[in-house]
Amino acid sequence: MTTDIARRISRRRFLEYVRQSPLFAPLAAAAGLSGRAGAAEPVIGDPVEAINVFDFMPPAQKKLSAAHWAYLMTGVDDNRTVEANSEGFRLFQIRPRGFVNVETVDTSVELYGTRLESPIVLAPVGHQRAFHPEAELAVARAAREKGHQVMLSTFSSVHVREVAEAHGAPLWFQLYPTSEWSVTEQVLRRAEDAGCPVVALTIDAPAGSNRETLRRLGNRDKNPQCGACHRPGAERFVAGHPTFAGIDYSRVRSGLRSITLELVERVRRATKMKIVAKGVMTAEDAELCVKEGLDGIVVSNHGGRQAESLLSTIEALPEVTATVNGKIPVLIDGGFRRGTDVFKALAIGADAICIGRPYLWGLSAFGQAGVERVLELLQAELVTTMKQSGANSLDMITSAYVKRRSA
Ligand SMILES: Cc1cc2nc3c(=O)[nH]c(=O)nc-3n(C[C@H](O)[C@H](O)[C@H](O)COP(=O)(O)O)c2cc1C
């Protein structure tokens, strides 16, 4: 038996094992795999071999520890929100138009004073050194190379200034406030000094989350080496994170979970950055955002990592865009794995979409080259979908291009 055949058989056995494992359903859902093509077999050894973003999952899983893989993939409880995010796209079908010249297609969009080459933005993800030693630097370089906007997490493994340099263009900053306002103020100033024009305030984590997949595979008590990076107690929130380096955080007791309108007002007074609410899922909150003078919305359920039994984001999008009615930009994330997913969201009125896990698969598997290929694949699929649908610019993609199934 040749090594290649042996490798294929052992991979098949592995997949069989994974399929039978009670962990598979949640992980497949997190991947956005239910009802989708899935990953290549055997495991790809080079990013160019990937034909879709799912092809990065097996090599990513191979490279990561079980705990870090679980951190990447986890949902909460029975992972129903994660599943919903993926399933939601099936409810919407594209209505293609003919008689349009689609020889060239323009995917650029103007947001917050900058023309972005693509409406595909990289969502904020904390602790990226868990996935690759070059962490956010590799991601920022890939995004620069391929022309995408990056939103940087409060919990980035690299200082915002360094990531901005690697990106070569302003980043958008995502904010988790702390229990100590003066610390939050300094974090905002730091982001502003690094040239960030936008701050995304994450509003969808008002409580701890029951990340069972992570709890099963990431049991730190059983992995004493985890203590090298993970801090216990209140320290956990701030210590060791470059965002807080050099700031006196001795009085921080925790993250500030409840994001109230008073807090929004404080942020507004403390910064010149445009303020975007990340985690809006209803028309009511969208209306509040407009009324309170916020500068944008990210329709998001945190990739199903916070609350269970939520609507998919693509299903929540119509009520949000109808309420906002173009007054402020609306972005969306959650389960975007295909160019058609992106197209559907744009048709329902989103100005841009964000991806989380797919670029992390690329990062984990191959570093910068992996992220680049993920972005290339999604962008190419979007362009193909636009051509096939008869839309040669994002402005053309209106609600007439999509229809919701009746059942
Ligand atoms: C490993 C991981 C870490 C994340 N960290 C953050 C974070 O620090 N701040 C935040 O607002 N959202 C965070 N998110 C949520 C993402 O910004 C985004 O909402 C979500 O990943 C989108 O769903 P998708 O992964 O299905 O594309 C994280 C997501 C993942 C997968």
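Order of appearance sets the numbers: ligands from 1, and atoms from 1 within every ligand. Starting from 1, each residue takes its place in the sequence as its number.
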Participant: Check whether any side-chain heavy atom of P124 lies under 4.5 Å from a side-chain heavy atom of K278, and answer yes or no.
Facilitator: yes
Participant: Which one holds for M151 and ligand 1: side chain close, backbone close, both close, or neither close, with close meaning a heavy atom under 4.0 Å?
Facilitator: neither
Participant: What are the two closest heavy atoms between A391 and Y401, and how far apart are they?
Facilitator: CB-CE2, 4.0 Å
Participant: Could you list which atoms of ligand 1 come closer than 4.0 Å to a heavy atom of S300?
Facilitator: 19 (O)
Participant: One residue to check: H127. Relative to ligand 1, which of side chain, backbone, both or neither has a non-hydrogen atom less than 4.0 Å away?
Facilitator: neither
Participant: Taking the six-membered ring of F366 as reference, does the cationic atom of K63 (NZ for Lys, CZ for Arg) lie under 6.0 Å from its centre and within 45° of its axis?
Facilitator: yes
Participant: Using the six-membered ring of Y71, assess whether NZ or CZ of R305 lies under 6.0 Å from its centre and within 45 degrees of the ring axis.
Facilitator: yes
Participant: Within the 4.0 Å heavy-atom shell around S153, which atoms of ligand 1 are there?
Facilitator: 7 (C), 8 (O)
Participant: Is the shortest distance from a Lys or Arg side-chain nitrogen in E265 or R268 to a carboxylate oxygen in the other one below 4.0 Å?
Facilitator: yes
Participant: Quick one: does ligand 1 sit under 4.0 Å from the side chain of Y176, the backbone, both or neither, non-hydrogen atoms only?
Facilitator: side chain
Participant: If the cut-off is 4.0 Å to any non-hydrogen atom of R357, which atoms of ligand 1 fall inside it?
Facilitator: 24 (P), 25 (O), 26 (O), 27 (O), 31 (C)
Participant: I'd like to know if E192 and R189 make a salt bridge, using a cut-off of under 4.0 Å between side-chain N and carboxylate O.
Facilitator: no
Participant: Evaluate the side-chain hydrogen bond (donor to acceptor under 3.5 Å, both in side chains) criterion for residues E287 and T323: first the C-alpha distance (whole Å), next the side-chain angles of each, then the deciding distance (0.1 Å), finally the verdict.
Facilitator: CA-CA 6 Å; E287 198 176 336; T323 305; 5.9 Å; no
Participant: Heavy atom to atom 12 (N) of ligand 1, shortest distance: which of K278, H68, Q174, R305 holds it?
Facilitator: K278
Participant: Could R90 and E87 be called an ion pair, given the rule that one side-chain N must be under 4.0 Å from one carboxylate O?
Facilitator: yes
Participant: Could you tell me whether R404 and E315 have a side-chain N and a carboxylate O separated by less than 4.0 Å?
Facilitator: yes
Participant: Is ligand 1 under 4.0 Å from a heavy atom in the side chain of R337, in the backbone, in both, or in neither?
Facilitator: side chain
Participant: Using a 4.0 Å heavy-atom cut-off, say whether P124 meets ligand 1 through its side chain, its backbone, both or neither.
Facilitator: both
Participant: Mind checking the CD1-OG spacing from I203 to S258? Nearest 0.5 Å is all I need.
Facilitator: 11.5 Å
Participant: Where's the contact between H302 and ligand 1, heavy-atom distance under 4.0 Å: side chain, backbone, both or neither?
Facilitator: both
Participant: For ligand 1, indicate whether the residue L72 contacts it via side chain, backbone, both or neither (heavy-atom separation under 4.0 Å).
Facilitator: backbone
Participant: Got an N/O contact under 3.5 Å between G126 and ligand 1?
Facilitator: yes
Participant: Just which atoms of ligand 1 are under 4.0 Å from any heavy atom in T202?
Facilitator: 10 (C), 11 (O)
Participant: Considering Y71, Y359, F131, which one's heavy-atom position lies nearest to atom 3 (C) of ligand 1?
Facilitator: Y71
Participant: Testing the basics here: between A138 and Q368, what is the closest heavy-atom pair and its distance to 0.1 Å?
Facilitator: O-CG, 3.6 Å
Participant: D333 heavy atoms, cut-off 4.0 Å: which ligand 1 atoms fall inside?
Facilitator: 18 (C), 19 (O), 22 (C)
Participant: Quick one: does G335 get an N or O within less than 3.5 Å of an N or O on ligand 1?
Facilitator: yes
Participant: Please indicate whether any nitrogen or oxygen in G356 is less than 3.5 Å from any nitrogen or oxygen in ligand 1.
Facilitator: yes
Participant: Among the heavy atoms of V125, does any lie under 4.0 Å from an atom of ligand 1?
Facilitator: yes
